Amino acid sequence: MDIKNKSITSRDEDFAQWYTDVCKKAELMDYSEVKGFIIYRPYGYAIWEEIQNYLNKEFKKTGHENVYLPMVINESLFQKEKDHVAGFAPECLIATQGGGQELQDKLIIRPTSECLFCEHYSHIIKSYRDLPKLYNQWCSVVRWEKTTRPFLRGSEFLWQEGHTMHASEDEARQETLRMLDIYDKMGRDLLAIPFVKGRKTEKEKFAGALETYTIEALMHDGKALQSGTTHYFGNGFSKAFGIQYLDKDGKIKNPYQTSWGVSTRLIGSIIMVHGDDNGLVLPPYVAPIQVVIVPIKMNEPGVLSKAKEIKEILEKAGFRVKLDDSDKTPGWKFSEYEMKGVPLRIEVGPKDLANNSCMIHKRNDGTKSKYDLSNIESTVKDLLAAIHKEMYSAALKNLLANIKEAHTFEEVQKIVNEGGYCKMMWCGDRACEDKIKEITNATARCIPFDQVAFDDHCPVCGKEAKYVVLFAKAY
RNA sequence: CGGGGCGUAGCGUAGCUUGGUAUCGCGUCUGCUUUGGGAGCAGAAGGCCGCAGGUUCAAAUCCUGUCGCCCCGACCA
C-alpha cells in the first residue's frame, strides 16, 4: 500500500483528476472525437457485462423478459405526455435529415423509452389476461448534456430500462419497490456498495412519475451519486397513450405502469467508492479478472508450466483468471494489475516450486502472504469472499460515519460543505429545499425509508417537520 | 450558456516574447542481457506544429477567423 503509482494523481490532491486518471490508466474508456461520447474499452465493458449477467438472472427470476425497441421516436409520439416532454425536450438530440432530404417528422434519438413502450403496449394489451407485462430493454440512450464526465454523465450512456404494466395500482407499486430491492441487493452482493434507499422529493422526481425511488451511494470525496431509480407512474401515461384493456368485470380500464433503470454510471460508482491512490480496486464478483498470475523468472524450468497449471485449476473451479506471460518485468505487471484493480495476484517463481507454494497479494489492503498450492481453489474462494466482505464493510463504515444530523440551518450548511449526508427533519415545503440548494448547492437526495424522527421542526423555516430527509452535494 | 486552461509523433511536452534545419521524455519496433515492486545497453521507425485565410524571401512562431477538447460553475441518470 505504501508504494504509490506516480502516474495517478492522488485523491486528496485533486479528486476529479484522480478519477480521470483511473478511467484512462485502468483502460476502462477512451474519449472519442465527439464530446460526451466515450469508447467503452474491453476492460470497462467487461465490468458492464458482469453487471448485465447479474441483473439478467435477477430479472428473469422475477418474470421479466428482454425486448428491443427502436432508437428513434417521432416527434408527435414524444409529445403525448406533457410533464415528460417538458422534462426531456431540452436535452434531446434530433435527426432532421434522411437520404439527403429534410424529414417531414423529425426523429428524436431516445433519451428514454417510455413513449415507445407505451405505444407498443397500446397495441398488445387488450385483456386483463395480457397483464402484467414485464419487459426490460438493454440499450443506450442519448441526452445532450452540457457537462460530461466518463461514466458519470455522458451524452450517450448504456443502461437497462424496465417498463411494466399492471392491472392494479397496488401491484404496480409493489413492482416499483421490488425492483429497488433488486438494485439494493446488487449493491450488497455484487458491487460491495451500501446504498441508502428512499423516495425522491417532488422537485427531484422523474418527469411524468407520481413517485420516484432511488438508491444513493456515497463517494470517497463526500459527494452523493444517484445510482439507480425506480418510478411509479400510476395510469397517467396509459391514459395519454390510450392503453386500455377489458377487465374481468366487463369494464374498460387503463393499466398502471412502472419503469426502472441502472446505467453505466454504476461503473463510476465502483471507481469512486472503492478506488485508492494506486488506482482502481474492484469488488471480486464484478471484476472481469479476479485473479492474475504473475510468473517470476519464467524462463527457468518449471515456472511457466506451474503457472499454467494453476490457471487451469482455477478456471475449472469457475474463477476468471489471467496469466500474464508477456515479457514485461514482474514489477511492471504488479503495478499494472493494481492500477486495474484485480482483487488477487498470485506470484509463482523458482523459490515456490520446491515447496509447492505461491505468494498471494490482496489488492484491497495490499497484504501479501505465502499459501500452499495443494488446495488453491478453496484458498482463492475464501480470499475473494473475504475481500468482498472487507470492501463492503469499509464502504458501510464510511457511509455511516458521514451521515450527520442537523438541528439548525447553520449545521445544515456546515455538514453539506464538509461532504457527506446531512440528515435533517423537513417541513416538506419546496421553498426550504430551494433555499438549501441556493445557498449550499446541495440537493435533497432522498426521503429515506428509515424514518425515525429526531426533532420536531424544520431547521430552515422552523415550522413543524414531517419527514426525515438527506441532503448532500451530488454528482 | 458563463469562467478558466489547452491544441506540436501513439501519449506527455520544449520552442512562440525577438520569424530562419522540429526539442526532450515515455511508449512502439529489432537484438542481446535481465526478471520476487514500473530493468539495462545498442540500434531503428514515426510530424500538413488543430483547420482556413493573411503578412513575409521565409510562419509552429506575427495578424484575422474558425473548429475542437479538458476543468470549474448553472441544468440533468
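Numbered from 1 within each chain, the chains take letters A, B, ... in sequence-line order. Quantities reported herein were computed from a predicted structural model and do not represent experimental measurements.
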Assigned partner base of [N], Watson-Crick or wobble definition, under 3.5 Å:
| N | answer |
| --- | --- |
| B/G12 | B/C24 |
| B/G19 | none |
| B/C32 | B/G40 |
| B/C69 | B/G5 |
| B/C49 | none |
| B/C62 | B/G54 |

Could you tell me how far [M] sits from [N] if I compare only their [atom1] atoms? Round to whole Å.
| N | M | atom1 | value |
| --- | --- | --- | --- |
| B/U23 | B/G46 | C1' | 15 Å |
| B/A44 | B/G3 | C1' | 47 Å |
| B/U56 | B/G73 | P | 48 Å |
| B/C72 | B/G65 | C1' | 28 Å |
| B/C24 | B/G43 | P | 15 Å |
| B/U55 | B/A59 | C1' | 10 Å |
| B/U18 | B/C11 | C1' | 32 Å |
| B/C63 | B/C16 | P | 14 Å |

Self-check item: B/A74 base / A/Thr147 side chain donor-acceptor hit below 3.5 Å
Solution: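 Counting by modelled atom types and ignoring angles, a donor-acceptor contact under 3.5 Å is found here.
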
Practice problem: Kindly say whether, by distance alone, the side chain of A/Arg153 makes a donor-acceptor pair under 3.5 Å with the base of B/C76? | Solution: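 Indeed, a donor on one side and an acceptor on the other fall under 3.5 Å apart.
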
Using a 4.0 Å heavy-atom cut-off, does [X] contact any base of the nucleic acid, only the sugar-phosphate backbone, or nothing at all?
| X | answer |
| --- | --- |
| A/Phe157 | base |
| A/Glu145 | base |
| A/Leu152 | base |
| A/Ser227 | nothing |
| A/Thr148 | sugar-phosphate |
| A/Glu347 | base |
| A/Gly154 | base |
| A/Pro350 | base |

Exercise. Run through A/Phe237, A/Phe241, A/Phe233 and flag the one making a ring pair (Phe, Tyr, Trp, His ring centres under 6.0 Å) with A/His84.
Key: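 Considering A/Phe237, A/Phe241, A/Phe233, a ring pair (Phe, Tyr, Trp, His ring centres under 6.0 Å) with A/His84 is found only for A/Phe237.
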
Self-check item: Nearest heavy-atom neighbours spanning A/Phe195 and A/Gly187
Solution: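 Minimum heavy-atom contact is CE1-CA, 3.5 Å.
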
Practice problem: Could you tell me which non-hydrogen atom of A/Asp184 sits nearest to which non-hydrogen atom of A/Lys197, and how far apart they are? | Solution: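 Reported closest heavy-atom pair: OD2-CE, 3.5 Å.
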
Quiz prompt | Qualifying residues under salt bridge (charged side-chain N to carboxylate O under 4.0 Å, His left out), relative to A/Lys306, sequence neighbours excluded | solution =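 So A/Lys306 forms a salt bridge (charged side-chain N to carboxylate O under 4.0 Å, His left out) with A/Glu309.
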
Selection from [options] that lies nearest to any side-chain heavy atom of [X]:
| X | options | value |
| --- | --- | --- |
| A/Glu336 | B/A77, B/G38, B/G36 | B/G38 |
| A/Met359 | B/A74, B/A77, B/G36 | B/G36 |
| A/Arg345 | B/G37, B/A74, B/C71 | B/G37 |
| A/Arg265 | B/G36, B/A77, B/C72 | B/A77 |
| A/Thr20 | B/C76, B/C71, B/G37 | B/C71 |
| A/Pro330 | B/A74, B/A77, B/G36 | B/G36 |
| A/Ser335 | B/G36, B/C76, B/G38 | B/G38 |
| A/Phe334 | B/G73, B/C71, B/G36 | B/G36 |

Rounded to whole Å, how long is the line connecting atom [atom1] of [X] with atom [atom2] of [N]?
| X | N | atom1 | atom2 | result |
| --- | --- | --- | --- | --- |
| A/Phe15 | B/C72 | CZ | C1' | 16 Å |
| A/Lys200 | B/A77 | NZ | C1' | 9 Å |
| A/Phe206 | B/A77 | CZ | P | 8 Å |
| A/Glu216 | B/A77 | CD | P | 11 Å |
| A/Lys333 | B/G38 | NZ | P | 14 Å |
| A/Asp352 | B/U35 | CG | P | 16 Å |
| A/Lys146 | B/G73 | NZ | P | 16 Å |
| A/Asp325 | B/U34 | CG | P | 20 Å |

Under 4.0 Å from OP1 or OP2 of [N]: is there any side-chain N or O of [X] that close?
| X | N | answer |
| --- | --- | --- |
| A/Lys328 | B/U28 | yes |
| A/Asn299 | B/U34 | no |
| A/Lys437 | B/C75 | yes |
| A/Thr329 | B/A39 | yes |

Quiz prompt | Beyond-backbone contact of A/Met186 with A/Leu191, side-chain heavy atoms, under 4.5 angstrom | solution =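 Counting from C-beta outward, A/Met186 and A/Leu191 do come under 4.5 Å.
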
Quiz item: For A/Ser113 and A/Glu161, what are the C-alpha separation, side-chain angles and deciding distance, and is it a side chain to side chain donor-acceptor pair (under 3.5 Å)?
Solution: CA-CA 8 Å; A/Ser113 305; A/Glu161 46 178 329; 2.6 Å; yes

Practice problem: Scan A/Glu433, A/Arg430, A/Arg445 and name whichever one has a side-chain hydrogen bond (donor to acceptor under 3.5 Å, both in side chains) with A/Thr201. | Solution: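 Single side-chain hydrogen bond (donor to acceptor under 3.5 Å, both in side chains) partner of A/Thr201 among A/Glu433, A/Arg430, A/Arg445: A/Glu433.
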
Exercise. Take A/Tyr135 and A/Leu69, measure what side chain to side chain contact (heavy atoms under 4.5 Å, CB included) needs, and give me the verdict at the end.
Key: CA-CA 11 Å; A/Tyr135 284 178; A/Leu69 277 68; 5.7 Å; no

Self-check item: From CA spacing to verdict: side chain to side chain donor-acceptor pair (under 3.5 Å), A/Tyr40, A/Asp30
Solution: CA-CA 7 Å; A/Tyr40 295 78; A/Asp30 196 7; over 6 Å; no

Practice problem: Identify, between A/Met298 and A/Thr264, the residue whose nearest nucleotide on RNA chain B lies closer to the 5' end. | Solution: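 Of the two residues, A/Met298 wins.
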
Self-check item: First of A/Ala16 and A/Thr229 reached from the 5' end of RNA chain B, by closest nucleotide
Solution: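 Comparing both residues, the 5'-ward one is A/Ala16.
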
